[in-house]
Protein chains: 2
Amino acid sequence: MPPSLTAENMPVRPRRLVIAGMEGCTNCSVCEVRANGICSALRDDELERLARAAVRITVPPGHIFIEEGSRATDFFNITGGTVKLFKSLPDGRRQITGFVSIGHFLGLAVSDRYAFGAEAIDQVKLCRFSRPKLDSLTEEFPRMERRLLSEAANELVAAQDQMLLLGRKTARERVSSFLYGQLENHHGDVIPADARISFPMTRADIADFLGLTVETVSRTLSGLRRDGLVTMNAGHTISVPSPARLRAIAQGEEG
Amino acid sequence: MPPSLTAENMPVRPRRLVIAGMEGCTNCSVCEVRANGICSALRDDELERLARAAVRITVPPGHIFIEEGSRATDFFNITGGTVKLFKSLPDGRRQITGFVSIGHFLGLAVSDRYAFGAEAIDQVKLCRFSRPKLDSLTEEFPRMERRLLSEAANELVAAQDQMLLLGRKTARERVSSFLYGQLENHHGDVIPADARISFPMTRADIADFLGLTVETVSRTLSGLRRDGLVTMNAGHTISVPSPARLRAIAQGEEG
DNA sequence: CGTGGGTTTGAATCTGTTCAAGGGAGGTGG
DNA sequence: CCACCTCCCTTGAACAGATTCAAACCCACG
């Protein structure tokens, strides 16, 4: 029942970590994520201290910048692009546990090793902190710790939703959930009729996120299109005439 | 592919919240979970303040003490028994997102409503805090906040493991993972050969946790027994001759 | 001793996977 | 500019693992 090795999810274990474009510290107070990252918990003067602890890096598409099981030396804050987080089995089966983008904090680890991998989907920019440095920062700024806790709580809720999806939803419900989730990311809670989504991930990524195969994702999308629930445009762009109907399917309220 | 309505997971939406045995505050410093709950983050004198904020309650088996989607007014710390956390779909399909027991903290919510339900499996004892009270406590004791963060990080790791299980593992791997997880709970990281597990949950609970049906769980357990990987004793007790082999299967290292 | 919840087992069915093949977009080099 | 290659996506047909439906079993309990 679970998909095994296909061309897509072979244990490619690709190109190793390449940190390109190390730009050194920039000024955090003009940072793109000033408003929504962990940094939003800090005042301007505190930010200055933060800046000294941070290193900005750029990661090209397809490159893994956190290797599953490697030493958890750093924390990251995403300032641009989209990252996929994943876990794998020895034979190459892979589960994407989440897609994260701007403002997202990354690197919570329970042991001294990362329990997951992280790969850039498109061009990704991030802010890196060493673990000891972040520790001393949270020591100093309890508000930051509070911010981290609320971020963790958010992720936990998302993880529980995803467990429901993976354990109990049909292919159609899964794909609808994914699409609706993308809608929520772009627009907020209020999604206009005939909204458009544009996402950078491939069918294979979506499949690994939804616990399906590429073929099933493709077929299911075709089905949704046949039923007039989505229309597909060029380049990973999809229109949703009636987000409400899509949500109903995603939540298992209709066949 | 996902199981739909069977006798087991019908939308029973059963007996409402009953808080039995309200015992009032006891002394936290002699509490059973003093060593492993959130309280472990506090000194004795701080505990005293905590005690005044806490109410101890007892919940009988089968009773839901957190209703999915209800107002998130309280936090709980489990001091005895086992609780199942779950999420449901409107037609009654259910996913158990975790089994939690002594020392576990419960009630992190991102909005003002619980995103999950909680039901007592056996006789459960817990310590209840009102949200505003806990907020003022964390304000006062940053170490407690840190403790909460580390607990959340732990849960996040567990959730990611579970996503891998639900999305990509076979029935045999899932059941083995569950059993091995139970072994880890009872013994620590070092599991003796021929270890025994005794758990309170039914096959239906296990099925809802693993994203399977009762029948598949039962059949799979029989298969493991046939292969000499487990032997079953009376009353939800199972022996595991070779935990290492079980782990290998759980991690997808063999057929 | 009958009743009911939980568990096991069997047979048929079905959803999603596997295997196979073709189409289309983008990039490279002749 | 076009041939060619690669990667991604789509579609079809056969297959398989898990579900569904059905029945029987076991055990605790009144």
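Residue numbers start from 1 in every chain, and the chains themselves are labelled A, B, ... in the order their sequence lines are given, proteins ahead of strands.
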Under-4.0 Å side-chain N/O to phosphate OP1/OP2 contact, A:Arg225 with D:dC9: no
In this structure, how many angstroms lie between the P atom of D:dT11 and the CG atom of A:Leu221, rounded? 10 Å
Measure the distance from CG on B:Asp205 to C1' on C:dT7 and round it to the nearest whole Å. 13 Å
Mapping B:Val217 and A:Arg226 onto DNA chain D by nearest heavy atom, which one lands closer to the 5' end? A:Arg226
For A:Arg203 and D:dT11, what is the distance between atoms CZ and P respectively, to the nearest whole Å? 10 Å
Out of D:dC21, C:dT17, C:dT8, which has the shortest distance to the side chain of A:Thr213? C:dT17
Check: A:Arg219 side chain, D:dG12 base, donor-acceptor under 3.5 Å: yes
Go through D:dT11, C:dT17, C:dT9 for me and flag the one nearest to the B:Ser222 side chain. C:dT9
Can you tell which of C:dG6, C:dT18, D:dT11 lies closest to the side chain of B:Thr202? C:dG6
If every non-hydrogen atom of A:Phe76 is compared with every non-hydrogen atom of A:Leu126, which pair is closest and at what distance? CD2-CD1, 3.6 Å
A:Met201 near the nucleic acid: base, sugar-phosphate alone, or nothing, with a heavy-atom cut-off under 4.0 Å? nothing
Take atom CG of B:Leu166 and atom P of D:dA18, then tell me their distance rounded to the nearest Å. 13 Å
Name all pairs fulfilling the side chain to side chain donor-acceptor pair (under 3.5 Å) condition that reach into residues 178-195 of chain B, sequence neighbours left out, sorted by first residue then second. none
Protein-nucleotide distance (A:Met232, atom CE; D:dT10, atom C1'), rounded to Å: 9 Å
Between B:Asp227 and B:Arg172, does any side-chain N to carboxylate O distance fall below 4.0 Å? yes
Options D:dA18, C:dT7, C:dG16, nucleotide nearest the side-chain atoms of A:Ala171: C:dG16
Looking at every non-hydrogen atom in both residues, tell me the closest pair between B:Leu183 and B:Ala195 and how far apart they are. CD2-CB, 3.6 Å
Hey, could you give me the CG/CZ distance between A:Leu106 and A:Arg128, rounded to the nearest 0.5 Å? 13.5 Å
Given atom CZ of B:Arg172 and atom C1' of D:dA16, what is their separation to the nearest angstrom? 17 Å
Given atom NE2 of B:His236 and atom P of C:dG5, what is their separation to the nearest angstrom? 15 Å
Spacing of B:Asp208 atom CG relative to D:dT19 atom C1', expressed in whole Å: 14 Å
B:Thr170 side chain: which of D:dA18, D:dC8, C:dT17 is closest? D:dA18
Among C:dG16, D:dT19, C:dT9, find the nucleotide with the atom closest to the side chain of B:Thr216. D:dT19
With respect to the phosphate group of C:dT15, does any side-chain polar atom (N or O) of A:Arg174 fall under 4.0 Å of OP1 or OP2? no
